[in-house]
Amino acid sequence: MTATTTSAPNAPAFEDAHRYDPAVIEPKWRAAWESAAIYRVDDDAPGPKWYSLTMYPYPSGVLHVGHWYAFAVPDVFARLQRMRGYNVMFPMGFDAFGLPAENAAIRNNIHPATWNVENIAAMRRQYDLMGAMIDWSREVNTSDPSYYQWNQWFFLRMLERGLAYRANGAVWWCPNDQTVLANEQVLEGNVCERCGAEVYKRDLEQWYFRITDYAQELLDELDALDWPERVKTMQRNWIGRSEGARLQFALETGDSLEVFTTRPDTVFGATFMVIAPEHPLVDRLTTDEQRSRVETYVARARTQSDIERQSTDEAKPKTGAFTGSFAINPVNDERIPVWIADYVLMTYGTGAIMAVPAHDERDFQFARAFDLPIRVVIQPDDVDPLYPATMEESYHGPGRMVNSGQFNGIAVPESIPQVIAWLDEQGRGKAEVIFRLRDWLISRQRYWGTPIPVVYCDACGMVPVPDSDLPVVLPLDAEFTPTGQSPLVHHAEFLTATCPTCGGAARRETDTMDTFMDSSWYWFRYTDPQNDTAPFDPARAAMWTPVDLYCGGIEHAILHLLYARFFTKVIRDLGMIDFGEPFTRLRNQGIILAAEGTKMSKSRGTQVGPDEIVAEHGADALRLHLMFLGPWEQGGPWNDRGITGMERFIRRAFLLVSESSTRELTGSAGNDTEAALRASIHRTIKRVTNDLEGFHFNTMIAALIEFTNELMKLKDEPVANTPVWREAMETLTLLMAPSTPYVAEEMWSRLGHPFSVHLQTWPVFDEALAVVATVEVPVQVNGKVRDKIVVPTGSPEAVLLDAARASGKVQEYLTGKSIVREIVVPDRLVNIVVK
RNA sequence: GCGGGCGUGGCGGAAUGGCAGACGCUACGGUCUUAAACAUCGUUGAGGGAAACCUCGUGCGGGUUCGAAUCCCGCCGCCCGCACCA
């Protein structure tokens, strides 16, 4: 106490009053915002709606600065929109189901529900600390039955429409733990990460969503979205559309083997066929003398992990086995052998291919490895013809069809539709489009997720739980520590059910839903979070959605964003909304790394939390620092070196406003001086506004700092006692409000305005007022700057040229030379070319 | 292998055809202070020069242009995505 009251002899007492102290002002305004509920979102508030969404976090514990990076920056944008007159929704929730909570709970011997409650409380406090504009009354917690019952409701709607189905799928199985494993849980050598037992692929019944029904639409509608090109490309590749044809090859066994090809025009060059080791016809096609070889090969393929099998190491040779059977090429009735090889995937196309070694790289390698015939059916124009014996690689370029009967001479690519038309006519094939995208496997043999709302009755089979019985509540008293089996299997009370159809005894489904289910529609729930009769009221969704701006990490470029798009289309088809794309505009922030450039890690202790930094520098300074690190999309290693610069800036801005608020600002300083300051005000408004709109937060702050530095130079000049100065102070405060909400509120209050700066209107720049009276223009001779001239803004070319030629320094470089050309860019540059 | 992105001072970065290095950090020097902190003023790409200034300089090599960090061609390096997709 004594230290602050005893000020230094010649330090005026008022200086203490102008001291910036975030430890005092931040809690003060945080409390004021809360008690005035200024961030409460009202559906009926005036102004067009703006839905600003940020990917909700996992309740993993405490926040680190990366969370602030992801959340405080969109908060700045949401605040801008609000000041610009929009009715802004900026909600918050927690993605509370899933493996991390379950694993952490097991590790810490605490129930995942308890773990979540504790974490959410801690995180909520830290989000408030950053001064984010969150309306907590709309908070969503996906592990709450009031939320996940609607997952179940959507599931039932999908089941009714055939969009949800059960099917067998090959999944990794650990015979010791008696459980399926994720691909990531299978270690090298195909052993279980938990018990070390050897694992294998097993066909198990799983639940799927028919996302492939929407493949074409998911692809087409990407084009119109204002999303990063990178994300759109990743989704396009993931969906993986291929145009081609489906062909039937007759087999000598009497079966028909279907293949898909993008090059039906090379069918005359098919000299053998290959089917995947998992193909259903393997057994029937294998002859007795080949059986032992085939069985060995298939068994080996089965135990290989996907990673090994799909690796494309150049060195990795093609492997395979001959079935002993032959197929008939439908175009020329040739008898060609059928092989089995793991380079053909059961999960793509039909799981079988016609091999055209002359024109497919993989088929070529296989043919060379097993000494199978190669036939050229496309010959390049104007280049040496291809000969099977001497080819070193397959040929994919342009050319004309050869060895292809009536098609000889037809050029690629017109060859493709012509061959398809003929195949169709002959009933041997037809045009087809296939996708790489597979249906979404949504069932998990895990505890901490939404129970799948169906029961199994001995009499009626699988029966959906009626809507009136929802939610199917996840029992909190289940034994969830790992026993190798789905925990709900051992929960008698949960397991026992009554069949809704016949009233007989039934067994409940014990699988839970993939957590991505929760995040596939959560933003609709924010529009109507308390609704207990529907997931949301369509009228409220119509008011708020689609989301205008969605911010989040690039790591969700495919899965979450694809599922969310799929779900939106399903919800549209249920008649609840009338659009199919959830997020109009998407922006990805970069990742904040640890100082060493590695990922921030809790276990390695490289995580940096916001609390200490806020205590030392204030939340406003941390917000600015994160924005100023570089382009938001870029991310980068964390460092706290620059934060002092942000603190200095805030202190100066605060000092300027605070000091001038005690002065009478009725003086005058001459028209030119006042106009110059006003021009500076308007140029700053323009820069800050444009930079914010373009997500250039780092340069936005640079503009604010430059403006403040300029004002610092003027603060003891006469202009600092004029009404324009007051304008400068108010503009600075308003422009800072989105980025530094706390100190801006304090500045606004010191300027004598009523609470709150965050309810004010964003300043608008006037292009005419932003114009400066004179500009300095560089004068070049042969592209090198030799002098600078000062001319009135907007001077015509002739004036610039005269001034340039009149410069003594320029003259020196002109003497003895002749002028070849003169280039004038008004207000920018003069270049005199001499020889 | 295919696709995308990036390469600028001691550091983070700015400038997307027109004065390279805005803005910030760091470092050094000055002012204020009994001192420190805070603040404040100045210098801070390299080389040369007493100075005015001059020369060089945006990964490397070429090109287009009056003019290139920016556009084009060829390399080198780093990062990200996909990866036997028929």
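Just so you know, these numbers use all the heavy atoms, side chains as well, and skip hydrogens, waters and symmetry mates. Order of the sequence lines sets the chain letters (A, B, ...), proteins ahead of strands, with each chain counted from 1.
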| message | Please confirm whether the shortest side-chain N or O distance from A/Lys784 to OP1 or OP2 of B/rC56 is below 4.0 Å. | response | yes
| task | Kindly give the heavy-atom pair with the smallest separation between A/Arg19 and A/Phe654, and that separation in Å. | result | O-CE2, 3.3 Å
| Pairwise C1' distance for B/rG59 and B/rG9, with rounding to whole Å | 15 Å
| said: Heavy atoms only, 4.0 Å cut-off, all strands: where does A/Thr644 land among base, sugar-phosphate and nothing? | reply: sugar-phosphate
| message | Work out how far the P atom of B/rA22 is from that of B/rG10, and round it to whole angstrom. | response | 14 Å
| query | Can A/Arg236 and A/Asp223 be counted as an ion pair, charged N to O under 4.0 angstrom? | reply | yes
| What residues, two or more places apart in sequence or in another chain, satisfy salt bridge (charged side-chain N to carboxylate O under 4.0 Å, His left out) together with A/Glu392? | none
| field | Phosphate OP1/OP2 of B/rA83 contacted by A/Arg436 side-chain N/O (<4.0 Å) | value | yes
| Does A/Asn698 place a side-chain N or O at less than 4.0 Å from the phosphate oxygens OP1/OP2 of B/rA14? | yes
| field | Nucleic acid contacts of residues 686-693 of chain A, taken as heavy-atom distances under 4.0 Å to RNA chain B | value | none
| note | Contacts of A/Arg587 meeting salt bridge (charged side-chain N to carboxylate O under 4.0 Å, His left out) (sequence neighbours excluded), chain-then-number -> A/Asp226
| request: Quick one: label A/Glu229 by what it contacts on the DNA or RNA (base, sugar-phosphate, nothing), any heavy atom closer than 4.0 Å. | output: nothing
| field | C1' atoms of B/rG13 and B/rG81, separation to the nearest Å | value | 26 Å
| note | Testing B/rC84, B/rC19, B/rA39 for proximity to the side chain of A/Tyr343, the answer is B/rC84
| task | Determine whether A/His279 and A/Ile340 make a side-chain contact, defined as any pair of heavy atoms from C-beta on separated by less than 4.5 Å. | result | no
| said: Need one value for A/Met712: base, sugar-phosphate or nothing, where a base atom within 4.0 Å counts as base even if backbone is also close, heavy atoms only. | reply: sugar-phosphate
| field | A/Arg786/A/Glu812 salt bridge by N-O under 4.0 Å criterion | value | no
| task | Between B/rU40 and B/rU58, how far apart are the C1' atoms? Round to whole Å, please. | result | 34 Å
| said: Side-chain N or O of A/Asn709 versus OP1/OP2 of B/rG24: is the shortest distance under 4.0 Å? | reply: yes
| request: Tell me what A/Leu629 touches on the nucleic acid: a base, only sugar-phosphate, or nothing, going by heavy atoms under 4.0 Å. | output: sugar-phosphate
| Think A/Ser242 has a side-chain N or O under 4.0 angstrom from the OP1 or OP2 of B/rA86? | yes
| message | If you compare every side-chain N and O of A/Tyr813 against the phosphate oxygens of B/rC53 (OP1, OP2), does one of them come in below 4.0 Å? | response | no
| query | How far does the C1' atom of B/rA20 sit from the matching atom of B/rG29, given to the nearest Å? | reply | 27 Å
| query | What integer number of Å spans the C1' atoms of B/rG12 and B/rC6? | reply | 16 Å
| Sugar-phosphate, base or nothing in reach of A/Glu776, heavy atoms under 4.0 Å | base
| Spacing of the P atoms in B/rC38 and B/rA27 (rounded, Å) | 12 Å
| Counting only side-chain N and O atoms of A/Arg786, is one of them less than 4.0 Å from OP1 or OP2 of B/rC54? | yes
| query | When we call it a touch if two heavy atoms are under 4.0 Å apart, what does A/Gly783 touch: a base, just sugar-phosphate, or nothing? | reply | nothing
| Do the side-chain N or O atoms of A/Arg821 get closer than 4.0 angstrom to the phosphate oxygens (OP1, OP2) of B/rG67? | no
| Taking atom C1' in both B/rG18 and B/rG5, what distance in whole Å separates the two? | 27 Å
| field | Validation row, ring centre A/His625 to ring centre A/Trp68 under 6.0 Å | value | no
| query | Between A/Gln634 and B/rG12, is there a side-chain N or O to OP1/OP2 distance below 4.0 Å? | reply | no
| request: Between A/Val833 and A/Tyr348, name the one whose nearest nucleotide on RNA chain B is closer to the 5' end. | output: A/Val833
| query | Within the pair A/Arg652 and B/rU40, is there a side-chain N or O less than 4.0 Å away from OP1 or OP2? | reply | yes
